[in-house]
Amino acid sequence: MDKLRIRGGNRLQGTLQVAGAKNAALPIMAAALLTHDELQLENVPRLADTATMARLLSGMGVAVERDGQGQRIHLRAKDLASVEAPYQLVKTMRASILVLGPLLARQGEARVSLPGGCAIGSRPVDQHLKGLQALGADLHIDQGYIVARRSAGRRLRGAHIVTDLVTVTGTENLMMAATLAEGETVIENAAREPEVVDLAACLNRMGARVRGAGSDRIVIEGVERLHGASHRIISDRIESATFLVAVAATGGDVTLVSAAPETLDAVLDKLREAGADVQLGTDWVRVRMDRRPRAVSLRTAPYPGFPTDAQAQFLALNCIADGVARISENIFENRFMHVLELQRLGAQIDIEGHTAMVRGVEQLSGATVMATDLRASASLVIAGLIAQGDTTIERIYHLDRGYEAMEQRLNALGAQIDRVR
Ligand code: UD1
């Protein structure tokens, strides 16, 4: 299993290109199931998760071709050979649940493994199921699989759905299913994340009629069929956040290009609060930091609030900040797995319920730590960059799920990271 060995203490300096958004690419790839025609996607990040989604789709009979440097992908779901998402793939990537809505709408049936437990809490899918039932699906669980059907010869039918809580992939699944339903669907309490907006834009290019994405009320007027389209995936705001926090924590001067600053408000506010100098253009962000960061408290919330996917990275920054920070995690239970590992580097953190109190210390010192999930891994990389001496991070397959060649890109900015096989 690969490890990363990081020699800490270097400032980061230079320019870095942000990749396409993983969390936009995954639902948009699943949307290829909604049409017989080809969906051509640009700016698809080359990650373990997008490869898993490609494998899942190709197992159903979707023709998948990558070209260019792998960031362009052609998907054609002409005839589907299977409507099953097997446990082996779903357990490595929960976002596999995103095939459920499209399969049901297009094929009238689906068999998707239940995701089961995961490192950051129980993460149920009841809201996906409740919404699909409202659209007329008949659902039951059989041997760990969600078995979904709509009545033979009939389309799903539009419905008024109010989700009990804000769910990103839940909103996406229901939006995709509703594109081919008969009549109008309204999703209230919808997630407002930029990735939901990007999916709606792609669906509309395919002939769907989706309005209101980006607000908490999405209206979908069902159509009989969708057609092929070409779409460019938006920039990854979480990847941007991760690199920006790394600069604020180590000190340095880095410009991110192909970024989407308009999706980063909550993160940029916190970087300024930490003492960073932030400048913006339409598609770039420059962050300069020449001092020890000030402690920054935060509470995670659905978009446009502070993203849970950037919580662990800010927690790492706070480990060496001046002052005490209070970090509240309000989206997922059990999302402080990185804390035990950060403590091994000398961080002073107390957890009470869903809040971590972080007392900044002058210096962390390198040690061997273990990655537990995707964003926790990113926080350990940041901690390794600021720690004195060498830090070895084990189990970095988690990191490869969501970041493209992270160590090479950080090394190009002046970091010293080796991948050890
Ligand atoms: C998506 C993102 C993930 C991000 C999360 C929150 C993708 C592929 N993943 O995950 O990176 O951390 O949004 O921004 O886009 N919940 C239920 N029942 C449901 C659905 C969700 O109780 O049916 C709960 C979850 O357990 C969690 C909260 O709702 O506590 C939010 O989860 P959700 O927005 O659905 O997260 P994901 O879509 O899985």
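This one's a predicted model, so the numbers in the text were calculated from it and none came from an experiment. Whatever order the structure lists ligands and atoms in, that order sets their numbers, starting from 1.
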- Phe306 and Phe314 aromatic centres sub-6.0 Å: yes

- Message: Would Gln127 count as a polar contact of ligand 1, with the cut-off being nitrogen or oxygen pairs under 3.5 Å?
- Response: yes

- Query: Is there a nitrogen or oxygen of Val168 sitting under 3.5 Å from a nitrogen or oxygen of ligand 1?
  - Reply: yes

- Message: Would Glu193 count as a polar contact of ligand 1, with the cut-off being nitrogen or oxygen pairs under 3.5 Å?
- Response: no

- Give the single entry among Pro115, Gly170, Pro124 that approaches atom 20 (C) of ligand 1 most closely by any heavy atom. Pro124

- If you count the atoms of ligand 1 from 1 in the order shown, which ones are under 4.0 Å from a heavy atom of Val166? 31 (C), 34 (O)

- Query: Side chains of Thr163 and Gln127: do they bring a donor and an acceptor to under 3.5 Å?
  - Reply: no

- Message: For Tyr303, does the six-membered ring have the charged nitrogen or CZ of Arg192 within the cation-pi criterion, i.e. under 6.0 angstrom from the centroid and within 45° of the normal?
- Response: no

- Task: Please identify which atoms of ligand 1 are closer than 4.0 Å to at least one heavy atom of Arg335.
- Result: 12 (O)

- Does Lys22 reach ligand 1 with a nitrogen or oxygen that is under 3.5 Å from one of the ligand's nitrogen or oxygen atoms? no

- Does Met53 have a heavy atom less than 4.0 Å from any atom of ligand 1? no

- Query: Is the shortest distance from a Lys or Arg side-chain nitrogen in Asp373 or Arg401 to a carboxylate oxygen in the other one below 4.0 Å?
  - Reply: no

- Message: To the nearest 0.5 Å, what is the distance between CG on Leu380 and CG on Leu399?
- Response: 9.5 Å

- Task: Taking only heavy atoms of Ile331 into account, list the atoms of ligand 1 that are under 4.0 Å away from them.
- Result: 27 (C), 28 (C), 30 (O), 31 (C)

- Item | Contact with ligand 1 for His128, non-hydrogen, under 4.0 angstrom | yes

- Query: Would you say ligand 1 has an N or O under 3.5 Å from any N or O of Arg94?
  - Reply: no

- Are a donor atom and an acceptor atom from the side chains of Thr255 and Thr15 found within less than 3.5 Å of each other? no

- Query: Is there a donor-acceptor contact under 3.5 Å linking the side chains of His231 and Gln40?
  - Reply: no

- Task: Rounded to the nearest 0.5 Å, what's the gap from CG on Leu364 to CD on Gln343? Could you check?
- Result: 11.5 Å

- Say whether Asp126, considering both its backbone and side-chain N or O atoms, lies within less than 3.5 Å of an N or O atom on ligand 1. yes

- Note on the structure: The atoms of ligand 1 lying under 4.0 Å from a heavy atom of Asp309, numbered in the order shown, are 3 (C), 4 (C), 11 (O), 12 (O)

- To which of Thr167, Thr308, Leu165 does the heavy atom nearest atom 29 (O) of ligand 1 belong? Leu165

- If we only count heavy atoms from C-beta on, is the Leu264 to Val285 side-chain gap below 4.5 Å? yes

